[in-house]
Amino acid sequence: MPSKPSPRSDSPAQRNPRREGSPLGGGGEARLATLGNTAGWLLAALVLVYALSVWNAPIDSRQGVIQKILYVHPPLAFGAYLGFILTGLAGGLYLWTHRPVFDRLALSAAEVGVVFCTLMMITGPIWAKGTWGKWWSWDPRLTVTLLLWFVYLAYLLLRSFSEGGERGARFAAVYGLFGVLLIPLNYYVIEIFEGRSMHPENLQSGSLGEGMGLPFLMGVVTNLMAFLFLLARRWEVEHLRANAAAVASREMVSGPISNPEPQGGSDP
Amino acid sequence: MSYVAACYGITGVTLLVYLLQLQRERRRLRRDLPSVGG
């Protein structure tokens, strides 16, 4: 769910509303909207091809039709990884440049990443129930994934309940940078435990059967495009909220603005 | 087959609902700030 707005008491928007009040400027937000629209149309086409490729995919000789969950479960994981990596990167860029646009990207990427991670944690147990006969086990991969989910859920709760401002954004950025360390642990935990894990090993080149490569590729591409589309929309919403907060703060200082001045900004 | 349908169904519906919420929020903010984004 989109998180609540976070008004900042000492944000750059209040200190310099012309520069940072409309963080992207009118042109920047329009570019995000255009990017989102383009991604949306491309995504619609990809979903169609994805659905057809999954429908026509061969049935696995060992697991049967339930094996087709392969074409959605790992791609959701990749989307979650991408979201959390972007959260760390954007947080790092914020610490370096102090530009709020990166803080907003970090928050947006974390939220979309949590959505993908939640879906991964729903589809995984469904697959487990159908294959192993039970919903959950304290398997290393599953346990670290649960930890990863809690860490980023906590990130969103932290952002939601903080008062905003640069201090909160810096803390969140550092938190996001440390959270990224869980991702390689999550990916390689099966190798670390030398196969003593119920969860299947990571896919290697050639490990998919004949005819399974295309639907898997379509799953990865479609889910990543869905991630980017949702990220563009979420980031745009965050920028619009920041703009609204900046306008509200200017009105508090100078009175209602009947014709807000066009905003310029150097952010992308 | 029901397990497969559940996975794809839950994924599709969840992402669609999330998208619709974002679109609604985006429209509300743009309506309240007509000068933003042209």
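Labels below follow one simple rule: chain letters A, B, ... track the order of the sequence lines, proteins then strands, and each chain is numbered from 1.
Listed here is the closest heavy atom pair of B:L22 and A:R234: CD2-CD, 3.5 Å.
Both the backbone and the side chain of A:Y71 come within contact range of chain B, with heavy atoms under 4.5 Å apart. Using a 4.5 Å cut-off between heavy atoms, A:V54 contacts chain B through its side chain alone, with no backbone atom that close. Looking at A:F227, there are no atoms closer than 4.5 Å to chain B (heavy atoms on both sides), in backbone or side chain. Proximity to chain B (any heavy atom under 4.5 Å) is shown, for A:L230, by both the backbone and the side chain. Interface remark: A:I122 contributes side-chain atoms only to the contact with chain B (heavy atom separation under 4.5 Å).
Contact of the B:V4 side chain with the A:W127 side chain is not registered, since no non-hydrogen atoms from C-beta on lie closer than 4.5 Å. At a threshold of 4.5 Å between non-hydrogen side-chain atoms, the residues A:R233 and B:E25 do not count as touching. Counting heavy atoms from C-beta outward, A:T123 and B:Y8 have side chains that stay 4.5 Å or more apart. Between B:T14 and A:T118, every side-chain heavy-atom pair lies at or beyond the 4.5 Å cut-off.
The residues B:R30 and A:E236 are annotated as salt-bridged, a charged nitrogen and a carboxylate oxygen being separated by less than 4.0 angstrom.
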Exercise for review: Test side-chain contact (heavy atoms from CB on, under 4.5 Å) on A:E111 and B:Y18 and set out the steps.
Suggested key: CA-CA 11 Å; A:E111 185 174 295; B:Y18 182 54; 2.6 Å; yes
Practice item. Run the numbers on A:N243 and B:L29 for side-chain contact (heavy atoms from CB on, under 4.5 Å), then give the verdict. Key: CA-CA 9 Å; A:N243 200 12; B:L29 288 164; over 6 Å; no
Review point. Step by step, would you call B:L15 with A:F116 a side-chain contact (heavy atoms from CB on, under 4.5 Å)?
Key: CA-CA 9 Å; B:L15 293 179; A:F116 275 71; 4.0 Å; yes
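When each of A:V72, A:V65, A:V112 is scored by its heavy-atom pairs under 4.5 Å with chain B, the top score falls to A:V72. When each of A:I69, A:N223, A:L76 is checked for heavy-atom pairs under 4.5 Å with chain B, A:I69 comes out on top.
No more than 12 heavy-atom neighbours from other residues, nucleotides or ligands sit within 6.0 angstrom of CH2 on A:W41.
Atom CD1 of A:I126 sits about 9.5 Å away from atom OG of B:S2, to the nearest 0.5 Å.
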